[in-house]
Amino acid sequence: MPSSFTLRVLLRTRSSAVMSSKALFLARGQIAERIRWYSDTKSSVAVRKEGRLPARFDAVANLNNYILQSISRNLKFKEMTEVQQRILPFLLADKTKGTSALVQAKTGTGKTVAFMIPVIQAVCDIFEHEDLGRRIRRPLALVISPTRELAYQISDEARKLCSAIPPGERPMIKAIVGGVSRHAEEQRVFSHGGVDILVATPGRLLDYLNEDAGRFRNVQIKVYDEADRLLDQGFAREISEIRSRLERVTEIKQMLMFSATVGNGVVDIAEQELGKKYKFIRTTSEDDVPTHLSVPQSVIFVNKLSDHFEPLVSMLRKHLNEALPGTPFKAVVFLRTGKEVDHFHFLLYHLLRGYDIPIMPISSRLSQAARSRNLEKFKTSPTSILVASDVVARGVDVKDISHVFQVGRAMGTDQYIHRVGRTGRAGKSGQGILILSNKENDFYESLRSMQIKFSDKYQYTSDPALATEICQVARKELEWWQNRRREEELRMLEEKYAAHKQGNKIARAAAELTFAKDIDVVKTIISQFGYYRSVISKRDLSSREILRDIVAGIGYLGLDPNVKPIIDRKTSGLLKNKLALTDKEVSEFFVEEAMSRKDKGTKQNK
Ligand SMILES: Nc1ncnc2c1ncn2[C@@H]1O[C@H](COP(=O)(O)OP(=O)(O)OP(=O)(O)O)[C@@H](O)[C@H]1O
């Protein structure tokens, strides 16, 4: 049976005689690599396997000498990777230069260089016909990436590819991403020397386009890295708005889309942007294993979803104990949400303390500065653990990651492939470990149906000592979070009421009170009287005034200031004694609770 992809190719073919036998042969996956060539009209399709491809960069026609120097001297790449062999000679050849392309190749195989070289070369070609000194440098090429970390990484790699180009002729490559100050970014990108190749995350790019689309009128090339992610529902609105804004000001001449995962659905959506004439290159066959064979993968099952953590700690300890000097243990632990990242990071930090290794969290709950700092620390520490959400699941290239742990099912099988792909990059080896609950067996089955092979599969047996240890740390975490939350709320309230005439201290006092309800509010006032006394003496306020402010503060904090708190007789007595208030003064601020029947009875009996 031909696969659905082959079927679509067949349907598009007017003359099935041209290719049917060959297409079916290819669909059976007997050839590890192939190229599908979409010629001028989509209805006529030719499939062909190319002969020997050049392995060295200097064998590629029309490649700028300075780029070659950057590759050999600075990046020190000796030969092209497979995807580079497929794409570079084609996109730089005289006849096919500027063609749009959709490219699928496994994770960690050098796709960034494969799309950046044609982009840089095209920009250098444009420079040849322009007086750069006279032109205000506005983007000629746009590279869009789904995450900030990846956008920074692409721009760094692109700058390395340009490092040997003389400064006067060198394309300016800059990145714009969310989570950093807009004003400073705008100055850096659009003012200081301008920009030729702009790497951007979708949201931030759209901000700039909405503000001043005219800045983008020179854009001729558009690249989507992690194209399937950009074209999926999560980014659909932003990507389509970006496209329509750009269409109003410029004509995109070349569109490049790259990813390790390109499903059939993606091909259909991608074609809306790629137009009629494009080349689709896959360096893997449909029957090929989608993850790297250099990454053995295992799966551990636990009984319940909440049991995920114990095997993770046990495995991490085992690997850390076994790590040999000179063979660093660098692991990423992938979790589903930012909240889980915080939780697991806290627990791992305490449970792996004895190993004295850096353990960093990374998720969208952190500021961009903290994200960049943590990723940098992970990169530069030979032995370290990164506890991560999917913000680093795709594209992020950290040398020598030895292990990828995935806790629970990923957002989809494609996401599993990208996460595993953080290890075993550029020909290195690595290991993938998936921890699933028995209820998540369907996820395991869908991975297996995609030819993903698991060399090891077993059911985890709980270790009571470790389970107790985890419980203790979890309790500590709960306390820590409660304190932190309380502190955070107090800080926010202080900020909010800083303008209140009695300043921060009263606001804090009032804020403290909101943690107690009704009668407890008053008890808190009394129990903390010492604290207020210092406020009183400093501000020379009477107890009465401070009490009024506190009650007013309660009003400011969202409670109705006209509704007086109810207090019992005992509290009312305390108020009178400790704060030296009269009955009238107390009733000005509080309603004394009506006597209970029991009290009444006691009184009558007396
Ligand atoms: N020709 C080459 N020779 C040696 N190393 C290379 C070559 N090309 C790229 N690399 C290196 O390989 C690593 C992986 O490259 P890159 O990040 O581009 O992979 P990718 O295919 O985009 O992966 P992903 O699908 O995860 O985004 C990088 O460290 C890169 O510098």
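For ligands, and for the atoms within them, numbers begin at 1 and follow the listed sequence. Since the structure is predicted, the reported quantities are computational estimates derived from the model, not experimental observations.
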> Of the backbone atoms (N, CA, C, O) and the side-chain heavy atoms from C-beta on, which set of R394 has a member under 4.0 Å from an atom of ligand 1: side chain, backbone, both, or neither?
Replying inline: neither
> Is the closest heavy-atom distance from G421 to ligand 1 below 4.0 Å?
Replying inline: no
> Between F309 and H343, what is the ring plane arrangement, given parallel below 30°, perpendicular above 60°, and tilted in between?
Replying inline: tilted
>> Once you measure the plane-to-plane angle for Y208 and F190, does it fall in the parallel (<30°), tilted (30-60°) or perpendicular (>60°) bin?
In response: tilted
> Can you check whether S384 reaches K377 side chain to side chain, under 4.5 Å on heavy atoms?
Replying inline: no
> So is F57 in contact with ligand 1, going by heavy-atom distances below 4.0 Å?
Replying inline: yes
> Is the shortest distance from a heavy atom of E226 to ligand 1 less than 4.0 Å?
Replying inline: yes
>> To check your reading of the model: name the closest protein heavy atom to atom 18 (O) of ligand 1, its residue, and the distance in Å.
In response: T112 OG1, 2.6 Å
> In the protein, what heavy atom is nearest to atom 1 (N) of ligand 1, and what distance, to one decimal place, separates them?
Replying inline: E79 O, 2.8 Å
> Which pair of heavy atoms, one from L206 and one from R245, lies closest together, and at what distance?
Replying inline: CD1-CG, 4.5 Å
> Which heavy atom of the protein is the closest neighbour of atom 27 (O) of ligand 1, given with residue, atom name and distance?
Replying inline: G395 CA, 3.1 Å
>> To check your reading of the model: name the closest protein heavy atom to atom 8 (N) of ligand 1, its residue, and the distance in Å.
In response: Q84 NE2, 2.8 Å
> How are the rings of H403 and F405 set relative to one another: parallel (under 30°), tilted (30 to 60°) or perpendicular (over 60°)?
Replying inline: parallel
>> When you measure from the heavy atoms of K78 to every atom of ligand 1, does any distance fall below 4.0 Å?
In response: no
>> Is it the case that ligand 1 has an N or O less than 3.5 angstrom from some N or O of R425?
In response: yes
> Which class fits the ring pair Y444 and F301: parallel under 30°, tilted 30 to 60°, perpendicular over 60°?
Replying inline: perpendicular
> If you measure from each heavy atom of K399 to ligand 1, is any distance below 4.0 Å?
Replying inline: yes
> Do any N/O atoms on H418 end up under 3.5 angstrom from N/O atoms on ligand 1?
Replying inline: no
> Does an N or O anywhere in G108 fall below 3.5 Å from an N or O of ligand 1?
Replying inline: yes
> Do F77 and ligand 1 have an N or O pair less than 3.5 Å apart?
Replying inline: no
